[in-house]
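Here is the structure we will look at, set down as structure tokens.
Note that the coordinates shown come from a computational prediction; the quantities given were computed from them, not determined experimentally. Whatever order the structure lists them in is the order used to number ligands and atoms, beginning at 1.
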Amino acid sequence: MISDQPELALDRIECAARTLGAGGLVAFPTETVYGLGADAENVGAVERVFAVKGRPTTHPLIVHLGGAHQLAEWAADVPDTAHLIAERFWPGPLTLVLRRADRVPRAVTGGLDTVALRVPNHPVALETLTAFGGGVAAPSANRFGEVSPTTARHVREGLGADVDYVLDGGPCSVGVESTIVDLTGEPAILRPGGVSREDLEHVLGRAVSVRAKSAVRVPGQFPSHYAPRARVLLVEPDRVLDNAELLVGRGRRVGVLLPPEFAGDAASCSARHVIAVPDSAAQYAQRLYEFLHDFDRHECEVIVASLPSPEGIGSAIADRLGRAAGPRDQASRDSDRFNGR
Ligand code: TXA
Ligand code: MG
């Protein structure tokens, strides 16, 4: 008998929940990027997430929950600001750093006394989390230091048989990771993301700082994070085409992220792969990682790009492009790993 779509969807979710319950790894869609999930209370499963990602065990994972009502089960001493923010932004692209409740294993928090919590806004994720019932510890479903996945295909290409089950929920709608807000002291943004600083300030009715260098271990602080295989060269918007032609002239395999105002010049550019950046920052964010994956697929050696203005979600795009352009020689990689960042 051929099942209809809702039954099929239910089967997938049951299968994912059972895999999690048995200590398996499930890649699942969220509105930001795909996550590589494990039962947050199963230390063996959590350790496998670190092994598959190739991520140092000192880098804490986000625990994903099915609803804001679970907040008190996973965090201790929850301040009013957390309830305020959760009510306004959950489910959504926002992660709260709070004091850890006893049930959160230290394997998840990298030994920290705080825990990062998020309720993702994607029906497949929410149904899976509800069916599973517990918390799902999940980093982005990519190998450490590589570009985050925004489609199930990216996950399969990146992690292959190392994942027990991949839930395909289509392309992610936000496209860049969640904003991380530390609420264990004065509210501070640790990583810009899907919720803008401006929106947070509006809800809290006060200024929110952006912590440039966090005392905690946030891989976003690792300069070469979110990096495609190609080098990223950042220049002023009106110099993108000139620089691309110069590099083509030197025999390089060049990719171009063309600012929207120069989209009309795309056809005359002789680079190997040219992508005109969408006009809207939200659409740019949604497709940013897909673009970076595309450049890798076209085997570009260098991507010439410029930074969008750092307002709203533009600040998350600028942050990720800046990191993709960051230094990544072996020495700096080794020292970053050594320092557990
Ligand atoms: O949108 C997202 O946040 C995605 C989806 C899958 O939810 N997840 C994600 O996970 O980006 P990951 O592991 O790639 O990044 C999680 C970030 C890391 O920078 C980590 O250091 C930080 O969250 N983090 C986790 N726990 C923390 C804590 N207790 N204190 C400070 N930062 C923490
Ligand atoms: Mg990540």
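Just one residue in the list Arg250, Arg252, Arg231 forms a salt bridge (Lys or Arg N to Asp or Glu O under 4.0 Å) with Glu301, and that residue is Arg252. The side-chain contact (heavy atoms from CB on, under 4.5 Å) with Pro93 is formed by just one residue from the set Thr32, Val176, Ile313; it is Thr32.
For Glu290, the salt bridge (charged side-chain N to carboxylate O under 4.0 Å, His left out) partners are Arg287, not counting sequence neighbours. Under the salt bridge (charged side-chain N to carboxylate O under 4.0 Å, His left out) criterion, Glu261 pairs with no residue at all, not counting sequence neighbours.
With ligand atoms numbered from 1 in the order given, ligand 1 contributes 12 (P), 13 (O), 14 (O) to contacts under 4.0 Å with heavy atoms of Arg55. Heavy-atom contacts of Ile180 reach the following atoms of ligand 1: 17 (C), 22 (C), 23 (O) (cutoff under 4.0 Å). Within the listing of ligand 1, atoms 1 (O), 2 (C), 4 (C), 5 (C) sit less than 4.0 angstrom from a heavy atom of Thr32. Residue Pro139 approaches ligand 1 through these ligand atoms, each under 4.0 Å from one of its heavy atoms: 10 (O), 12 (P), 13 (O). The distance from ligand 1 to the heavy atoms of Val97 drops below 4.0 Å at these ligand atoms: 30 (N), 31 (C). Atoms of ligand 1 found under 4.0 Å from any heavy atom of Ser178, numbered from 1 in the order shown, are 1 (O), 2 (C), 3 (O). Taking every non-hydrogen atom of Glu177 and a distance limit under 4.0 Å, the qualifying atoms of ligand 1 come out as 1 (O), 2 (C), 11 (O).
The backbone and the side chain of Thr114 each have at least one atom closer than 4.0 Å to an atom of ligand 1 (non-hydrogen atoms only). At a 4.0 Å heavy-atom cut-off, ligand 1 does not touch Arg99 at all. Residue-level proximity to ligand 1 for Thr109 is absent, since no heavy atom of it falls below 4.0 angstrom. Under 4.0 Å from ligand 1, the heavy atoms of Arg191 that appear belong solely to its side chain. Under 4.0 Å from ligand 1, the heavy atoms of Leu190 that appear belong solely to its side chain.
No continuous path of ILVMFWY side-chain contacts below 4.5 Å connects Leu71 to Val97, so the two sit in separate hydrophobic clusters.
Close to ligand 1: His64, with a non-hydrogen atom less than 4.0 angstrom away. Ligand 1 lies nowhere less than 4.0 angstrom from a heavy atom belonging to His59.
Between Phe28 and His122, the distance from one ring center to the other does not fall under 6.0 angstrom. Residues Phe295 and His273 bring their aromatic ring centres within 6.0 Å.
At a 3.5 angstrom cut-off on N or O pairs, Lys53 does not count as close to ligand 1. No N or O atom of Thr30 sits closer than 3.5 Å to an N or O atom of ligand 1.
Between the side chains of Ser306 and Arg239, no donor N or O sits under 3.5 Å from an acceptor N or O. Residues Glu177 and Ser148 have side chains that bring a donor and an acceptor to within less than 3.5 angstrom of each other.
Counting backbone and side-chain atoms alike, Asn142 contributes no N/O/S atom closer than 2.8 Å to the Mg ion (ligand 2).
Of the possible donor and acceptor atoms, one in the side chain of Thr179 sits under 3.5 Å from a partner among the backbone N and O of Gly193.
Taking the six-membered ring where tryptophan is involved, the planes of Phe291 and Tyr284 are tilted, since the angle between them lies from 30° to 60°.
Looking at Ala125, Ala116, Ser140 and measuring to atom 10 (O) of ligand 1, the nearest heavy atom belongs to Ser140.
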